[in-house]
2 protein chains.
Amino acid sequence: MPNLVEICLKKNIKLTNHRKIIAQIISESTDHPDVEELYRKAYFMNPKIGIATVYRAVKMFEDLGLIARHDFLGKGKSRYEVLEDDHHDHLIDITNNQVHEFFNAELENLKTKIAHEMGFELIGHKLELYCKPLKK
Amino acid sequence: MPNLVEICLKKNIKLTNHRKIIAQIISESTDHPDVEELYRKAYFMNPKIGIATVYRAVKMFEDLGLIARHDFLGKGKSRYEVLEDDHHDHLIDITNNQVHEFFNAELENLKTKIAHEMGFELIGHKLELYCKPLKK
DNA sequence: CTACATGCAAAAGATTTGCTTTGCG
DNA sequence: CGCAAAGCAAATCTTTTGCATGTAG
């Protein structure tokens, strides 16, 4: 489990107290929280934190490439997760909106191969599988 | 090239004049237009068309499963394309934001297989490759 | 006449920004 | 003191909605 605070320390990214709290909350989350949820938890830790600070912090982390922003199902709301060195994709259970992460090497190779065949170098990628549970 | 107007006729979906214009514009587009672009072109065809009608029309077509909505690069703006029976994915050239479509059977099979292995039935999926051109 | 579509403007929801204040070196 | 960060509220941007009007069958 990657800790955003440690990552920032390692990269010499200075964190203010407010940003440290926000980074910690993102790190501890396993459910791809949105800004509202981050704000609620940050507010609980320190009621002096405003929502604009949360927005500015996630934008900063995103620009630094430390977290990823998602908008599962195109609901128009950004949800965040710490970016680790490895890459993973997302499977969304549409019956309960739960997000499952997975990694598949074959898939990663195929992505790169397809891009190459089309004359491109793969920089980033996003794959979301929308599913419902198999009936037994 | 699929024509949304014809698809609607075939499915007994009644189109008003305004919706017919909007459907036609979507069909003729190859560049995944956003609402603003659709509205501009529709307005050119008939200045009595309001932007709310465009929003209502694309929502209707989307709910009917006739068009797909994308938000490439998470810019917060919806862009549309006619949904054909076949499925394709998107490769976005980040140097000029151009969208290239592609289809890869191996990839499609792999998606289904991964979902199954995780205990799910694949309903929908979205894959976007963000790339830059290979240097020669 | 009835039901649905539409225009317009207002509302809503997410995010950004301007400006002033705060806080830490 | 000096500068970045943060709070707050206003602004912005996309999309939705309420309501009165228009239109087709």
Side-chain angles (χ1 to χ4, degrees), chain A residues 4-5 8-9 11-26 32-64 66-81 97, chain B residues 4-5 8-9 11-26 32-64 66-81 97:
Chain A
L4 198 44
V5 180
C8 287
L9 285 178
K11 299 205 174 195
N12 274 325
I13 295 162
K14 193 191 68 172
L15 290 183
T16 62
N17 277 331
H18 285 188
R19 300 224 249 243
K20 201 175 294 177
I21 288 173
I22 295 164
Q24 189 62 36
I25 292 170
I26 298 174
H32 308 80
D34 59 26
V35 170
E36 200 187 314
E37 190 174 335
L38 293 177
Y39 174 58
R40 248 188 307 110
K41 291 183 178 170
Y43 186 88
F44 179 78
M45 302 288 292
N46 181 346
K48 295 185 69 180
I49 291 180
I51 199 166
T53 301
V54 179
Y55 273 106
R56 284 192 264 237
V58 290
K59 171 156 293 217
M60 182 186 102
F61 293 137
E62 190 192 352
D63 290 346
L64 287 167
L66 304 181
I67 66 177
R69 180 166 56 93
H70 300 283
D71 177 13
F72 300 123
L73 288 158
K75 290 208 192 305
K77 221 190 243 195
S78 296
R79 300 172 56 178
Y80 298 88
E81 69 178 338
N97 272 357
Chain B
L4 197 44
V5 180
C8 288
L9 285 178
K11 300 205 176 195
N12 274 324
I13 295 162
K14 193 190 66 170
L15 289 183
T16 62
N17 277 332
H18 284 187
R19 290 188 183 159
K20 201 175 294 176
I21 289 174
I22 295 163
Q24 189 60 38
I25 291 170
I26 298 174
H32 307 79
D34 58 25
V35 169
E36 199 188 315
E37 191 173 334
L38 294 176
Y39 173 59
R40 251 189 305 109
K41 291 183 178 169
Y43 186 88
F44 179 78
M45 302 288 291
N46 180 345
K48 295 184 69 180
I49 293 179
I51 198 165
T53 300
V54 180
Y55 272 105
R56 285 191 264 236
V58 291
K59 171 156 293 217
M60 183 186 99
F61 294 137
E62 191 193 352
D63 289 346
L64 287 167
L66 304 180
I67 66 177
R69 180 166 56 94
H70 300 282
D71 176 14
F72 300 124
L73 287 158
K75 290 209 192 304
K77 221 189 244 193
S78 295
R79 298 173 58 179
Y80 298 90
E81 70 179 337
N97 272 357

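Note on naming: letters A, B, ... go to the chains in the order of the sequence lines (proteins, then strands), and numbering restarts at 1 for each one.
Between Lys14(B) and Val54(B), the residue anchored nearer the 5' end of DNA chain C, judged by the nucleotide with its closest heavy atom, is Lys14(B).
Arg19(A) comes within 4.0 angstrom of the backbone, heavy atoms only, and of no base. Within 4.0 Å (heavy atoms only), Ile49(A) reaches sugar-phosphate atoms of the nucleic acid but no base atom.
A straight line from NZ of Lys75(A) to P of dT16(D) spans 12 Å, rounded to a whole angstrom. Taking atom CZ of Arg40(B) as the reference point, atom P of dT14(D) lies 13 Å away to the nearest angstrom. Here dA14(C) presents its C1' atom at 15 Å from CZ of Arg79(A), a figure rounded to the nearest Å. Atom NZ of Lys48(A) is separated from atom C1' of dA5(D) by 12 Å (rounded to the nearest Å). Across the protein-nucleic acid pair, Met60(B) atom CE and dC4(C) atom P stand 14 Å apart, rounded to whole Å. The interatomic distance linking Asn17(B) (CG) with dG22(D) (C1') rounds to 13 Å, in whole Å. If you take CD1 of Ile13(B) and C1' of dA5(C), they are 16 Å apart, rounded to a whole angstrom. When rounded to the nearest whole Å, the span between CG of Asp34(B) and P of dT15(D) equals 8 Å.
The side chain of Thr16(A) contributes no N or O atom lying less than 4.0 Å from OP1 or OP2 of dA4(D). Contact check, Lys59(B) against dT15(D): no side-chain N or O comes under 4.0 Å of OP1 or OP2.
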Without placing hydrogens or testing angles, list every side-chain donor-acceptor pair under 3.5 Å for residues 32-47 of chain B, not counting sequence neighbours.
residue, atom, partner, partner atom, Å
His32(B), NE2, Glu81(B), OE1, 3.0
His32(B), NE2, His90(B), NE2, 3.2
His32(B), NE2, Glu101(B), OE2, 3.1
Asp34(B), OD1, Glu36(B), N, 3.2
Asp34(B), OD1, Glu37(B), N, 2.8
Glu37(B), OE2, Lys41(B), NZ, 3.4
Asn46(B), OD1, Lys48(B), N, 2.9

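Listed for the Arg69(B) side chain is no donor-acceptor partner under 3.5 Å among the backbone atoms of Glu62(B).
Side-chain atoms of Leu4(B) and Leu15(B), non-hydrogen and from C-beta on, never get closer than 4.5 Å to each other. Residues Ile26(A) and Ile22(A) are in side-chain contact: their nearest non-hydrogen atoms beyond the backbone lie under 4.5 Å apart.
Residue Tyr55(B) has its side chain nearest to dT16(D) when only dT16(D), dG18(C), dG18(D) are considered. Listed nucleotides dA6(D), dT16(C), dT6(C) differ in distance to His18(A); the shortest reach to its side chain belongs to dA6(D). With dT14(D), dA9(D), dT15(C) as the candidates, the nucleotide lying closest to the side chain of Ser78(A) is dT15(C). Picking from dA6(D), dG23(C), dT14(D) the nucleotide with the shortest atom distance to the side chain of Arg56(A) gives dA6(D). With dA6(D), dT17(D), dA9(D) as the candidates, the nucleotide lying closest to the side chain of Ala52(B) is dT17(D).
Taking all atoms of both residues into account, the shortest heavy-atom contact from Asp71(A) to Lys77(A) is OD1-O, 3.3 Å.
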